[in-house]
Amino acid sequence: MTTGAPSRIGIIRNEGRRLMERWWTEMTAADEAQRPTAYVFVMGSLDEILRVFDLPINYPEITSLQTAVRGRSLPLLQAAEGYGYSPDICGYVKADVGLQLQDRRHPNGRVPKPALAIATNMCNTYIKWAEIWEQMYRCPVFVLDLPAWRGDRAAPDPRGGAFRHDRRYVEGQLRDLITLCERLTGKRFDIDRLREVLAEVNRMAGAYHAVLALNRHRPAPFSAIREGVVFQGISNLYRGTPEGTRFFELAADELRERIHRGMGALEEKYRLLLSGTTCYAALRRFAELFEEWGGVFVHSTYMLFAGGGFASGFEYDVARPLESLAEMLLLSAWRGFSTPMFFAQDWLAETVRDWAVDGICFHGVKSCRTTSTGLPDVREWLRTRYDIPGLFIQSDLVDPRLWSDAQLKNRIDAFIESLAARRAAPAPTRLA
Amino acid sequence: MASAESLDGILEECRTLVEDPDFPAVRRWLDAHPSGKVLGHFQVYFPEEIAHAAGMLPVKILGAGSAVQIRKADARIAAFVCSIIRSSLELALTDRLAFLSVFVTPPICDAARNACGVWVRNLPGLTCQTLYLPQNAASPHARAYLTEEYRRIAGVIEQTAGRPVTDDALRGSISLFNENRRLVREVYRVKRETPWLLSAVEAYTLVRAGAVMPREEHNVLLRRVLGLAPRRPAKPHDKIRVVFEGGYCEQPPTDLLAVVQDACYVVDDDLLIGLRWFTEDVPVDGDPLANLARAYLDGSTYSPVQHDPRKPKPEMLLGRIRAAGAQAAIVAAPKMCEPGLEEQVHYIRALEAAGIPHLVLEFEEKMTVFEQTRMEVETFVESLLFDFA
């Protein structure tokens, strides 16, 4: 840090807000101009191809969570339930159905109608959700199969025959999508433009990793469930854009400055890891319940699977763009999406060790069986094999009716007290 | 199996068999084949022919109904997850599935996608695999991919079985399973055309028995029942004809089906649709794995857990109702079933638009009280009888 240089403190908050507002301005403008818009999801958005065709890209997971952050999700959920959707399905889906039913008017702007919906098989609810738009708007739904984690402990071998078959399938599907986009937009596919976007995603992935790595510092300069959520949002909405990359470069500058000044996310007493998602219906409160004890979330599986799938080793080879895109989608599906959700114990154990984590919060949400189903099992696995303390709690992503403050506070208080007792006690039997 | 001589006796034996959480038919097979290996597969569809061709016994793992108290699995799985995922795991954690050498789960839903990880962690001696069936089923590339995916799973099976899956063995297995599917279609024809000869529960337990016993035996059983059913001294009743939709994965309790059949004829359904996935025989000539892949993609029916723009599910349901000559539909979904509950809304809209009366039901495999359901079904049927009068 050069003395005399302007301070970067505050830039994450300000730039994050500015970019989010800009995105909403673009969405609303796309709606007014009735531009054909693609609806996508964070795990496998295929922005790389859509940006080649200059399609506006809507992320309904993000617009849904924003209704909860603004305290406006409940009427949307109730509208969807009135339409026939069960209280037992994904709240993101219902918040979006409620939004569509009120003419796509969101507290932050207006989302355009979908001209195309893209869903990967990384979450089956993505596909069911896209089928709702298909029924509502008769728009085409493109499902991208990403055959990913299949039960083996070993990582896939990109040179192996099985991987080659999978890659061929994914590449074939990408070519089909390109044809569909050409038909939809009337534009010819430009492979050089794809190369540019891939190169930009590479830069963003590098900057994203740099930001995350800074949180290994003690005290951690940011909270994975406060700034971390902003990082996830920008990594998706601005994937493949210079603005997105620049944001992460600036964010890294601010975090380095925080470290230089000895500023932590808070007065850190316990370093925590989140497995699962946060609760957007009580975003601030969720963090406070840990922070009032000095607990800071230094990392999360959420930042992996919902942060662009930028797993380690992520880098496009722009010399062979489509093949490389297919390869990286498959590797992201394995390392970035599937493993952190379905087979997370190894990554969690390594992160506890390497990031000096005191305990893990496993947060199950009714809305998302993808991220929640096996959490109690992973917690038990890590407790019995590695003596890693874990707390399993449940609420929801966007449904405030499922937030039980007193109950959660009791559980979290007890967990932190157990961490304190553990720290105070000698630990002769703990594993290194 | 089926030591009884009478039709009623055979059907009663089927019901006992499918409600027994200790898989008696599998244990009998293992007694007769001491070195035999068993492959379990979760709902909805698995190409059982591949396991059969390796000499293994393929068995459907589809929960435990109310026969098993879920204790251990509840500590492993989050609260908001359907019962079939829990009870299937409970069967494994209580050693009722100790006979399995391989367990395969297709990622049909978000909970099932997690199941593989939970099983891998908890059952270290068991080979657990996810079989990625295409969701981009209409893609021109899906068939080649699926053929290779089947080849991959065949490799896993060969390693376990200790013998190769040859093309000739596969062709023999495809023929056997084609015959089984043909006989099951015949059961459904009887149910559709003369529902008084085979009730919904009887037809269901008869078909379901095939999920947990060798198909060779099941074919013998089906032939006997199909021979005996036309001679049954049963007379038609003036009942509403309905289609039951919503039993493709978690199974409704047979007592719930009994409540429905007391009030109406269930002339078609999607119960255990994976056993009846193909709408026509799988060809035995040519590459058998490619034939199985083609049949899965291009010669199959529908379910909420497969996306295929060529098979719009609400329209397919209307087609099923029309083909069965049904007057109404019962649209059910298991509790906590994301795909089923979401699809239900599309089904209801389509039925409303087509003017087809329907009753929406929610169930759970482990439910044991049916009075509320009985009242709903009877009220629904009475309202229809007045309408049609």
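Every chain is numbered from 1, with letters handed out A, B, ... down the list of sequences. Only this structure's heavy atoms are used, side chains among them; waters, hydrogens and symmetry mates stay out.
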- line: When every non-hydrogen atom of Arg113(B) is compared with those of Cys123(A), the smallest separation belongs to NH2-N, 4.1 Å
task: Against chain A, label Ala142(B) side chain, backbone, both or neither, depending on which of its atoms sit under 4.5 Å from a heavy atom there.
output: both
message: So, taking the atom named CD1 in Ile89(A) and the one named CD in Gln344(B), what distance separates them when rounded to the nearest 0.5 Å?
response: 10.5 Å
message: I'd like to verify something: which residue of Ile85(B), Leu341(B), Val345(B), Thr105(B) has the highest number of heavy-atom pairs under 4.5 Å with chain A?
response: Val345(B)
message: Looking only at heavy atoms and a cut-off of under 4.5 Å, which of Pro309(B), Ser139(B), Cys109(B) has the most pairs with chain A?
response: Cys109(B)
field: Leading residue by heavy atom contact count with chain B [cutoff under 4.5 Å; candidates Cys90(A), Ala119(A), Ala162(A)]
entry: Cys90(A)
- prompt: Between Ala148(A), Pro140(A), Ser372(A), which shows the greatest number of heavy-atom pairs under 4.5 Å with chain B?
  reply: Ala148(A)
- prompt: Measuring heavy-atom distances to chain A, does His346(B) have an atom under 4.5 Å in its side chain, in its backbone, in both, or in neither?
  reply: side chain
field: Side chain / backbone / both / neither for Val120(B) at chain A, heavy atoms under 4.5 Å
entry: side chain
task: Specify which of Val143(A), Val365(A), Ile127(A) makes the most heavy-atom pairs with chain B at under 4.5 Å.
output: Val143(A)
statement: The side chain to side chain contact (heavy atoms under 4.5 Å, CB included) partner of Asp377(A) among Val118(B), Leu89(B), Asn114(B), Ile77(B) is Val118(B)
query: Just wondering, more than 12 heavy atoms not from Arg159(A) lying within 6.0 Å of its CZ?
result: no
message: What part of Ala144(B) gets within 4.5 angstrom of chain A, counting heavy atoms only: side chain, backbone, both, or neither?
response: neither
message: Donor-acceptor pair, distance only, cut-off 3.5 Å: does the side chain of Asn124(A) make one with the backbone of Pro107(B)?
response: yes
Glu342(B) and Glu131(A), any side-chain heavy atoms less than 4.5 Å apart: no
task: Considering only heavy atoms and a distance below 4.5 Å, find which of Glu343(B), Gln129(B), Arg151(B) pairs most often with chain A.
output: Gln129(B)
- line: Between Tyr132(B) and Leu146(A) the two heavy atoms that sit nearest each other are CE2-O, 4.0 Å
query: Contact part of Ser86(A) toward chain B, heavy-atom cut-off under 4.5 Å: side chain, backbone, both or neither?
result: side chain
message: Ignoring hydrogens and geometry beyond distance, is a side-chain donor-acceptor pair present between Arg121(B) and Gln345(A) at under 3.5 Å?
response: yes
message: Heavy-atom cut-off 4.5 Å, strictly under: side chain, backbone, both or neither for Tyr83(A) against chain B?
response: both
query: Is it true that Glu338(B) and Arg369(A) make a salt bridge, defined as a side-chain N closer than 4.0 Å to a carboxylate O?
result: yes
query: More than 12 foreign heavy atoms under 6.0 Å from CZ of Arg349(B): is that the case here?
result: yes
message: I need the Lys313(B) NZ to Gln135(A) CD distance, nearest 0.5 Å.
response: 9.0 Å
query: Counting a contact as any heavy-atom pair under 4.5 Å apart, which residues of residues 169-179 of chain A contact chain B?
result: Tyr169(A), Gly172(A), Gln173(A), Asp176(A)
task: Taking all heavy atoms of Ala78(B) and all of Pro376(A), pick out the closest pair and write down the distance.
output: N-CG, 3.6 Å
message: So for atom CD, which belongs to Gln159(B), do other residues, nucleotides or ligands contribute more than 12 heavy atoms lying within a distance under 6.0 Å?
response: no
query: Going by an N to O cut-off under 4.0 Å, is there a salt bridge joining Arg150(A) and Glu149(B)?
result: yes
- prompt: Who wins among Gly364(A), Gly84(A), Ser367(A), Gly374(A) for the most heavy-atom pairs under 4.5 Å with chain B?
  reply: Gly374(A)
message: For Ile108(B), which atoms come within 4.5 Å of any heavy atom of chain A: side chain, backbone, both, or neither?
response: backbone
field: Side chain, backbone, both or neither of Pro304(B) within contact of chain A (heavy atoms, under 4.5 Å)
entry: both
